[in-house]
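For ligands, and for the atoms within them, numbers begin at 1 and follow the listed sequence.
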Amino acid sequence: MKTIVSGIQPTGSLNIGTYLGSIKNFVKLQKIYSDYHFYLFIADLHALTTPMDAKKLRQKIKELAALYLACGLERENLSLFVQSELPAHSQMGYLLQCHAYMGELERMTQYKDKAQKQTDGIRSSLFTYPALMAADILLYDAEYVPVGDDQKQHLELTRTLAERINHRYGDVFKVPKPLIPKVASRIMSLTDPTKKMSKSDENVKSRINLLDDENIIRKRIKSAVTDSDQTVRYDREEKPGLSNLFDIRIAITDESVKEIEDAYEGKGYKEFKEDLGDIVVEELLPIQKRYRELIDSGELDKILDEGKKRAEQVANKKVEKLNRILGLGRKRK
Ligand code: ATP
Ligand code: LTN
């Protein structure tokens, strides 16, 4: 069976950037690729690449699992699991580190950006992180990897590593392709439309979290930075703030730019923002309701246990195969 793999880090609070750029896309893809199996996981090992409080991490893992499901993922062709519960990820991560070059890792822009923000020393895991991400994907022979635009470079490195290993040792891995959504591949910060909306931004006004209450959602949209012109028109260069709000709206409603522009002819930003507030609230309230039902139910643990069981079988086999090829251990099967 063909597979699709993706993960999200349990850091910060999930916001509409991650939701529209990633989770909502999974939900759509599950319908399009109904004969594929989806391995989606909570990338908790990746969360340790920067300082993280243990209690908070444990809470975020559950929160993210519940949110994934609350957003409408189908259970049938899905294995949802927690990355660290499968030692195969760490093992494969190390084996891939042994095939990645310093120069390749040094070029990663996410590393450069995140390293700059570290005040207490840069963890070496932040540097080797793309090898672990490659492991997450290659363990399952993913055909496609749905991610936002910011992960493109990591995906390219994953492909390079797969090709390198296949070239050296014969066919070990499937070479995966990224699936980057056409709309919402990069939702920008509401306070600075030149930066991506991020869970780790210190300014809470820069984002809308999936669990924010109705009033906050409306307030954030109202105060989103836009230009002083009042014509509702999509223009990434001249009107980056307003265009970002267009992207959010389009990712939810599937309208075209033209339809929206026509609807607001002669009207100003105020109306556009008020309507967007309604649209976002309408999208998020049902998710919040399902989230509250799931978060303390035993159902969540059951789903994660089942996901783990299925993923583990596939992942362990892959690690054993590469161990054998590389001459590790004593076993010769
Ligand atoms: P941070 O926002 O703290 O930098 P991250 O980008 O490392 O976090 P993840 O939550 O692990 O975050 O990202 C999960 C997925 O969501 C990835 O596929 C990523 O590309 C996508 N994503 C994250 N932020 C956005 C955004 N603003 N717009 C579109 N997609 C996004
Ligand atoms: N690196 C990603 C999260 C992530 C991921 C993965 C995405 C970890 N492993 C495997 C897709 C496939 C991020 O920071 N957004």
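Close approach of ligand 1 to Gly21 is summarised as follows: ligand atoms under 4.0 Å from at least one heavy atom of the residue are 29 (C), 30 (N). Within the listing of ligand 1, atoms 20 (O) sit less than 4.0 angstrom from a heavy atom of Gln151. Interface atoms of ligand 1 facing Ser198, defined by a heavy-atom separation under 4.0 Å, are 1 (P), 2 (O), 3 (O), 4 (O). Close approach to Val147 involves these atoms of ligand 1, each under 4.0 Å from a residue heavy atom: 18 (O). Near Phe41, meaning under 4.0 Å from any of its heavy atoms, are these atoms of ligand 2: 6 (C), 9 (N), 10 (C). Atoms of ligand 1 lying under 4.0 Å from any heavy atom of Ser200, numbered from 1 in the order shown and given with element: 1 (P), 3 (O), 4 (O). If you number the atoms of ligand 1 from 1 as listed, the ones under 4.0 Å from a heavy atom of Lys114 come out as 7 (O).
Side-chain N/O atoms of Thr109 and Gln153 include a donor and acceptor closer than 3.5 Å. A side-chain N or O of Tyr264 and one of Asp275 form a donor-acceptor pair less than 3.5 Å apart. Lys117 and Ser200 form no side-chain donor-acceptor contact under 3.5 Å, judged by distance and modelled atom types alone. Under 3.5 Å, the side chains of Tyr33 and Asn77 contain no donor-acceptor pair of N or O atoms.
Using a 4.0 Å cut-off between heavy atoms, Ser185 contacts ligand 1 through its backbone alone, with no side-chain atom that close. In Ser22, the part holding a heavy atom less than 4.0 Å from any atom of ligand 1 is the side chain. With a 4.0 Å heavy-atom cut-off, ligand 2 is reached by the side chain of Val147 but not by its N, CA, C or O. Proximity of Val145 to ligand 2, defined as any heavy-atom pair under 4.0 Å, is confined to the side chain (atoms from C-beta onward). Residue contacts with ligand 1, taken as heavy atom pairs separated by less than 4.0 Å, do not involve Met133 at all. With a 4.0 Å cut-off on non-hydrogen atoms, Tyr39 does not touch ligand 2 at all. Contacts between Gln9 and ligand 1 below 4.0 angstrom, taking non-hydrogen atoms only, involve backbone and side chain alike.
Checking only distances, Thr11 never comes within under 3.5 Å of ligand 1, N or O to N or O. Polar contact check, Lys199 against ligand 1: a nitrogen or oxygen pair lies under 3.5 Å apart. Residue contacts with ligand 1: Met188 is placed with no nitrogen or oxygen under 3.5 Å of a nitrogen or oxygen of the ligand (distance criterion only). Residue contacts with ligand 2: Tyr129 is placed with a nitrogen or oxygen under 3.5 Å of a nitrogen or oxygen of the ligand (distance criterion only). Between Met197 and ligand 1, at least one N/O pair is under 3.5 Å apart. Between Asp150 and ligand 1, a contact under 3.5 Å exists for at least one N or O pair. When only interatomic distances are considered, the shortest N/O to N/O separation between Ile187 and ligand 1 falls below 3.5 Å. Between Lys196 and ligand 1, a contact under 3.5 Å exists for at least one N or O pair.
Ile165 contributes atom CD1, which lies 11.0 Å from atom OG1 of Thr160 (distance to the nearest 0.5 angstrom). Annotation: the span from Arg220 atom CZ to Lys273 atom NZ amounts to 13.0 Å, rounded to 0.5 Å.
Counting heavy atoms from C-beta on, the side chains of Glu106 and Phe127 come closer than 4.5 Å.
Ala184 counts as a contact of ligand 1, since one of its heavy atoms falls under 4.0 Å from the ligand.
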Exercise for review: Might you work through the side chain to side chain contact (heavy atoms under 4.5 Å, CB included) test for Tyr291 and Leu210, ending with a clear yes or no?
Suggested key: CA-CA 10 Å; Tyr291 169 83; Leu210 291 194; over 6 Å; no
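Shortest contact from atom 31 (C) of ligand 1 to any protein heavy atom: Gly17 O, 3.6 Å. Remark: minimum distance from atom 22 (N) of ligand 1 to any protein heavy atom is reached at Thr18 CA, 4.0 Å. For atom 15 (N) of ligand 2, the closest non-hydrogen atom of the protein is Gln151 NE2, 3.2 Å. The nearest heavy-atom contact from the protein to atom 18 (O) of ligand 1 is Gly148 N, 3.0 Å.
Of all the heavy atoms in Ser6 and Tyr68, the pair that sits closest is O-OH, 4.3 Å. Taking both residues in full, the closest heavy atoms of Asp141 and Val172 are given as OD1-O, 4.1 Å, listed atom of the first, atom of the second, then distance. Smallest separation of non-hydrogen atoms from Val225 and Thr191: CG2-O, 3.3 Å.
Between Leu126 and the choices His46, Gln110, Lys114, the side chain to side chain contact (heavy atoms under 4.5 Å, CB included) rule is met once, by Lys114. Checking each of Asn244, Ile16, Thr226 against Leu190 for a side chain to side chain contact (heavy atoms under 4.5 Å, CB included) leaves exactly one that passes, namely Asn244. The one candidate from Ile221, Leu245, Leu20 that meets the side chain to side chain contact (heavy atoms under 4.5 Å, CB included) condition with Val280 is Ile221.
Of all the listed residues (Thr18, Asp136, Ile137), Ile137 holds the heavy atom that lies closest to atom 12 (C) of ligand 2. Selection from Ser6, Pro146, Gly7 by nearest heavy atom to atom 4 (C) of ligand 2 gives Gly7.
Counting only distance, with no hydrogens or angles, the side chain of Tyr129 and the backbone of Ser124 share no donor-acceptor pair below 3.5 Å.
Remark: aromatic rings of Phe81 and His89 are close, center separation under 6.0 Å. Aromatic rings of His154 and Tyr111 (six-membered ring for Trp) have centroids beyond the 6.0 Å cut-off, not under it.
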